[in-house]
J.: 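Dropping the structure in here first, questions after.
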Amino acid sequence: MSLKGIMEDSRFVQLSKQEKEAIDERINQYDFILQQVTDAIVLVKDDGTFVDVNEAACRLFRTSRDQLLQKNFHEYVYLVPEHIFHFQKQMLHKFGTYDDEIVIRLADGEIKHVQLFMRRHKKQPFDLYMIRDITSKKALERERTINETLFKDLFNRAGDSIVIFDGQGRFIDANPSFCASVNITKEELFKLSIQTFIPMEYHNLFDQLLVTLKRNGTVSSELPFILGDGMQKLFELTLTTNVHSGFFMAIMRNVTEKRNMEMNLQRSEERFRAIFEQAHEAILICDDFGNILRANPAASRTFELPLHDLVHANLMQFIDSKQDKVRHVLQQFFRDGEIRDELTFHMPNGEKKQLEFTSKKGAINGYHLTIFRNVSERRKMEKQLREQEQKFRSVFNHAMDGIVLIDDKHRIFDANPVACRIFALPKEQLIEKCMHTFIGSNDLNKFQKWLNNGAEEEEFTITDGEGKNKIVELSFKPSIIEHVGLMMVRDITEKKEMEEQLRKSDTLSVVGQLAAGIAHEIRNPMTALKGFIQLLQGSIGNDCEQYNMYFHVIMSELKRIESIITEFLVLAKPQAVHYERGDVAKIMQETVDLLSVQAMMHNIQIEATYDQVPRIYCEPKQLKQVFINILKNAMEVMPNGGTITVSVEHVGDHIRIAIRDEGSGIPKDKIKKLGEPFYTTKERGTGLGLMVSYKIIEEHDGRIDVESEVGVGTTFYITLPINNDMR
């Protein structure tokens, strides 16, 4: 190579070094600028891969440069909808530049608002992104928007009236509450001033408020306002200055009701003082320790102390704090905050008083209010009333007769045990029943008249709860107290039965005396008549057969009269009767055997069952006569035949004989008359057979009961005691 060529190469090398140094210096300057700018600058490929980043980008993404270069820009912008990001890329490719605001999400989950400046590099396969963090700016904008929204919402929704006005009082704005208060639309309000609604005599006061407002920036007061309907209301105002563009704002609240309530409260306090001083009940105001802070004159009289001494006393000195009830009352009061009870209080003069009290915790300015009432006399009266009630209840419950209390509608609302037994109902079922429900239908009219007339004792037939008929004697006292009547009920069913038995016994006695007196007087002429008729029949002989029928009739009737006289004699005072131990079942069996032939002749079957019964003292012939009388009666009431059932049973301390027929039966009203002299249900009967039977069984300390149903039959029950003293 020539020297010239070498020199040219040397010059070229020298120029290349200078240019390289200049380029390096330029690159260092650009790199310094790139690293010092506050906005994040990144170079990004089309697929989103980071090519290069500055320090601001590392701070924005909170990661190192090496780690950031390994990531993809799409990892941070996945919150941006895909179609939006695709649109941004299209705009960038089309125009070479595109600016927008997006949201990125960092690795730790924090969200940032950024402004993205996108620049397209025409010669290089990457784009330049300048990213500015506007999160704080967005927060301020959001806060300002929220504040403006809240102010508007508060302004429009506030219950208090809010108006904005200028220095002359002209309305700039007003919320709906103020428009509703004055009953004027906002459009009409803009033509008026705030002084329009203030009464003329208060204009000077309003001007003074404006002066103070301009000097101090705020002022409060109360002013009357005239509403659209002409009514005047009192408003509480709070005025502030420089709220918006130098205007003033007034917040107003209608305090008319509040002031009226305060006046009413003042009047209420005055009334409380009047009530407190004039009340008849003792009133005390105490603290937690029982110290009396205030008392009314009635309390001075109740606690037997002058008022000034009572106010300096302690409530606990009037009660025995060691008593369990006192401790319980205090615990309940401080637990529940109120109590109503009564205690015994010891007065300074030694007197004891029973005081009823009502206490309210913290009722008067945090102190406790207690109202006392002296109930000593009332408790004494209540004790006397309880004692009287106990006496009445004792007499009521232990009375020998039934007692019922009835109301104005004759309904029972109380009854003693005897009445419950008479009506055969427990007290719970007897209550609320009307007395008329127990009275027989035949006696209802009589019973109603008796109640209305208030007559004295009267007898009625009632049907008890078990369906049994009873004869009762009633006496009624209406209105012993208001709307309450007292009715005495006495069960005289047994008394009536005893009277009936006594009447029968008297009848038997009379008949017996008559039988003893006249039987022999009748029998003597009867003997003569029979003898002379027989002589007459013998003297006539067989010549007058036409008279034989007459003689037969006369003799049969004389025999009938003689049989009646014989039965009559049985009713007389019995002669010495020899009682001996006998077997009732055997006596009945002999009687059945005796009458079985006669029964078969009338197509009657006698079915008998006999238990093993103990032997008793009896007169066998008399018992056989009783069994014959009843069995013959049973056969006579069954002319068409049938079955007679006979049973002898051992029931408790008695022997029970039952004779049941299938006759026509006996009505209930005629059963009671069975056994009376000359009473019979048969066409040719005398009634003496049953009368004799009743008397014989009575003399054996037994009884005869009859049950019958018309159309079904009759049963005679003969009950004889096993342990009788008939020796």
Side-chain angles (χ1 to χ4, degrees), residues 387-508 667-676 694 698 703-707 719:
E387 291 175 352
Q388 292 176 2
E389 170 68 17
Q390 289 174 357
K391 291 177 182 178
F392 166 76
R393 187 57 58 181
S394 178
V395 173
F396 184 78
N397 290 329
H398 296 90
M400 302 298 292
D401 294 331
I403 304 175
V404 294
L405 300 179
I406 61 177
D407 59 17
D408 293 338
K409 297 181 179 179
H410 306 140
R411 292 176 301 192
I412 299 171
F413 65 86
D414 201 356
N416 70 345
V418 177
C420 295
R421 288 197 297 271
I422 292 174
F423 290 103
L425 285 173
K427 188 174 181 178
E428 297 76 21
Q429 297 182 18
L430 195 58
I431 300 302
E432 294 296 329
K433 285 191 177 295
C434 184
M435 277 298 300
H436 292 75
T437 59
F438 298 100
I439 305 299
S441 57
N442 295 332
D443 288 344
L444 275 177
N445 292 333
K446 174 185 173 183
F447 179 72
Q448 188 61 46
K449 290 179 181 178
W450 176 75
L451 283 176
N452 295 336
N453 296 334
E456 296 184 354
E457 295 180 355
E458 186 63 58
E459 295 180 5
F460 294 95
T461 300
I462 66 168
T463 303
D464 64 16
E466 297 176 351
K468 296 180 180 179
N469 290 333
K470 293 180 180 178
I471 301 173
V472 295
E473 187 177 70
L474 302 180
S475 60
F476 179 57
K477 182 67 176 177
S479 301
I480 56 169
I481 56 176
E482 189 175 3
H483 305 302
V484 177
L486 183 143
M487 183 174 290
M488 303 290 294
V489 185
R490 182 179 295 126
D491 187 357
I492 60 173
T493 306
E494 292 184 0
K495 176 184 174 184
K496 288 294 183 182
E497 290 177 353
M498 290 177 64
E499 289 176 353
E500 184 67 20
Q501 291 175 3
L502 182 60
R503 186 180 65 82
K504 289 182 179 180
S505 178
D506 291 342
T507 304
L508 285 172
K668 290 184 178 181
D669 58 338
K670 294 183 179 181
I671 291 177
K672 294 182 179 180
K673 297 182 180 181
L674 294 178
E676 293 185 0
Y694 272 83
E698 183 180 347
R703 71 175 188 275
I704 297 178
D705 300 311
V706 182
E707 291 182 359
T719 305

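For the numbers below, each heavy atom of this structure counts, side chains included, while hydrogens, waters and symmetry mates do not.
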J.: I need the full list of side-chain hydrogen bond (donor to acceptor under 3.5 Å, both in side chains) pairs touching residues 482-493, with sequence neighbours left out, sorted by first then second residue.
T.: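 Of all non-adjacent pairs touching residues 482-493, those that pass side-chain hydrogen bond (donor to acceptor under 3.5 Å, both in side chains) are D401-R490, D408-H483, E473-R490, D491-T493.
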J.: With rounding to the nearest 0.5 angstrom, report the CG to OG1 distance, N469 to T461.
T.: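 Here the interatomic distance stands at 7.0 Å.
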J.: For the CD1 atom of I439 and the CG atom of L451, what is their distance to the nearest 0.5 Å?
T.: 8.5 Å
J.: Please list, chain by chain and in numerical order, all residues satisfying salt bridge (charged side-chain N to carboxylate O under 4.0 Å, His left out) with K427, sequence neighbours excluded.
T.: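 With neighbours one apart ignored, the set is D414.
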J.: Could you check if a side-chain atom of K433 sits within less than 4.5 angstrom of a side-chain atom of F423, using non-hydrogen atoms only?
T.: no
J.: Whether K468 and D464 form a salt bridge (side-chain N of Lys/Arg under 4.0 Å from carboxylate O of Asp/Glu) is what I want to check.
T.: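 K468 and D464: not salt-bridged.
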J.: A side-chain contact here means heavy atoms from C-beta on lying under 4.5 Å apart; do V489 and F438 qualify?
T.: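 V489 does not reach F438 side chain to side chain.
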J.: Looking only at heavy atoms, what is the nearest atom pair of E457 and S475, with distance?
T.: CG-CB, 3.8 Å
J.: To the nearest 0.5 angstrom, please state how far the CD1 atom of I431 sits from the CZ atom of R411.
T.: 11.5 Å
J.: If I take atom CE from residue M435 and atom CD1 from residue I406, how far apart are they, to the nearest 0.5 angstrom?
T.: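 Those atoms lie 7.0 Å apart.
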J.: Does F447 offer a backbone N or O that forms a donor-acceptor pair with the side chain of D443 under 3.5 Å?
T.: no
J.: At their closest point, which heavy atom of H436 faces which heavy atom of L444, and how far apart are they?
T.: O-CD2, 3.7 Å
J.: What are the two closest non-hydrogen atoms of A415 and V404, and how far apart are they?
T.: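 Looking at all heavy atoms of both residues, the shortest contact is CB-CG1, 3.8 Å.
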J.: What's the spacing between C420 SG and Q429 CD if we round to 0.5 Å?
T.: 10.0 Å
J.: Do the non-hydrogen side-chain atoms of I422 and I462 ever get within less than 4.5 Å of each other?
T.: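 Yes - at least one pair of side-chain heavy atoms lies under 4.5 Å apart.
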J.: With side chains defined as the heavy atoms from C-beta onward, is the minimum distance between E458 and K449 less than 4.5 Å?
T.: no
J.: Does any part of the side chain of I403, heavy atoms only, come nearer than 4.5 Å to the side chain of L486, both counted from C-beta?
T.: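 When only atoms from C-beta onward are counted, I403 and L486 do touch, with a gap below 4.5 Å.
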